[in-house]
Amino acid sequence: MEWAESTAEVFLSDALPRRWAHVQNVAARAGRLAPHLGEDGEILHVSAWLHDVGYAPPLAVSGFHPLDGALYLRTVDVPDRVVDLVALHSSASAEASALGLDGQMVGFVDERSLTRDLLWFVDMTIGPDGQCMDFEARMDDVRARYAPAHYVIQALDAGMAERRAAVARASEWIDSVGIADQV
Ligand SMILES: [Fe+2]
């Protein structure tokens, strides 16, 4: 956990301070969910710290940040599940298809679990400056921040239904546990 936090800080805090604010708050939200997830709590929290590390300029090989982050994490000692969760977070698979990057995503496994849904949820409900946002507002904000030709916009609609469904399942679980006002 400490390694995940310090790695994210080293790669993002100076180079991309806004991204770092987002990541810190995504990780904080994951940390509030973690105690309710049993053994998977640590996987969620570590993945949240690392999910956007691929934006870091030294790691941005392909320019598609989920892939770049996962390729870096494959070179260090983290569980395979963390690598896969980062590679495929927040509908990265559908985005990769939309971008013609399918071939490079082969080998990453989408575990389609509650933990995966919760990672997508925390990413999709924390805005670019670290503020809490509901999912629809977050998607509107993404659309407003990037130029129409940017790959994020090109890929946004490809993953929208899957993203919305994951956030809905995560929200349902949070409500069922009775922790909506704590997370
Ligand atoms: Fe993110």
Side-chain angles (χ1 to χ4, degrees), residues 1 4-34 43-73 78 81-96 98-99 101 105 108 110-111 115-146 150-160 162-167 170-171 174 183:
M1 183 70 68
E5 178 177 352
S6 64
T7 297
E9 182 173 13
V10 164
F11 278 117
L12 298 174
S13 62
D14 288 340
L16 300 167
R18 252 189 123 189
R19 183 66 52 185
W20 174 231
H22 163 79
V23 166
Q24 286 176 286
N25 285 279
V26 167
R29 193 164 219 188
R32 292 191 292 273
L33 290 164
I43 292 283
L44 175 67
H45 203 179
V46 166
S47 300
W49 275 119
L50 295 170
H51 81 283
D52 275 349
V53 79
Y55 278 112
L59 304 183
V61 177
S62 74
F64 184 52
H65 80 276
L67 173 62
D68 290 335
L71 291 177
Y72 162 68
L73 292 172
V78 298
R81 284 184 68 199
V82 172
V83 175
D84 288 344
L85 284 164
V86 168
L88 298 169
H89 79 270
S90 304
S91 201
S93 179
E95 294 179 359
L99 298 169
L101 292 171
M105 302 301 282
F108 297 114
D110 185 353
E111 62 178 53
T115 300
R116 171 264 218 192
D117 287 344
L118 289 169
L119 178 65
W120 294 27
F121 169 86
V122 290
D123 187 29
M124 293 290 116
T125 57
I126 297 291
D129 296 302
Q131 71 277 42
C132 283
M133 300 177 84
D134 74 33
F135 171 74
E136 300 299 339
R138 172 92 161 97
M139 294 298 98
D140 289 346
D141 178 74
V142 171
R143 214 178 284 281
R145 273 187 297 120
Y146 291 91
H150 194 282
Y151 82 82
V152 168
I153 299 300
Q154 293 175 37
L156 192 64
D157 289 328
M160 192 61 78
E162 188 180 33
R163 235 181 261 126
R164 188 175 281 122
V167 168
S171 300
I174 288 167
V183 299

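Just so you know, ligand 1 is whichever comes first in the structure, and atom 1 is the first atom listed for that ligand.
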Under the salt bridge (charged side-chain N to carboxylate O under 4.0 Å, His left out) test against Asp123, which residue among Arg116, Arg29, Arg19, Arg138 passes?
Arg138

Parallel under 30°, tilted from 30 to 60°, perpendicular over 60°: which one fits the rings of His45 and Trp49?
parallel

Going by the rule ring pair (Phe, Tyr, Trp, His ring centres under 6.0 Å), which residues pair with Phe121 if we only count those two or more places apart in sequence or in a different chain?
none

Of the protein N/O/S atoms, how many lie under 2.8 Å from the Fe ion (ligand 1):
4

Quick one: ring pair (Phe, Tyr, Trp, His ring centres under 6.0 Å) partners of Phe108, sequence neighbours excluded?
none

Using 30° and 60° as the class limits, which term best fits the ring planes of His51 and His89: parallel, tilted or perpendicular?
perpendicular

Residue set satisfying side-chain hydrogen bond (donor to acceptor under 3.5 Å, both in side chains) with Asp117, at least two apart, ordered chain then number -> Arg169

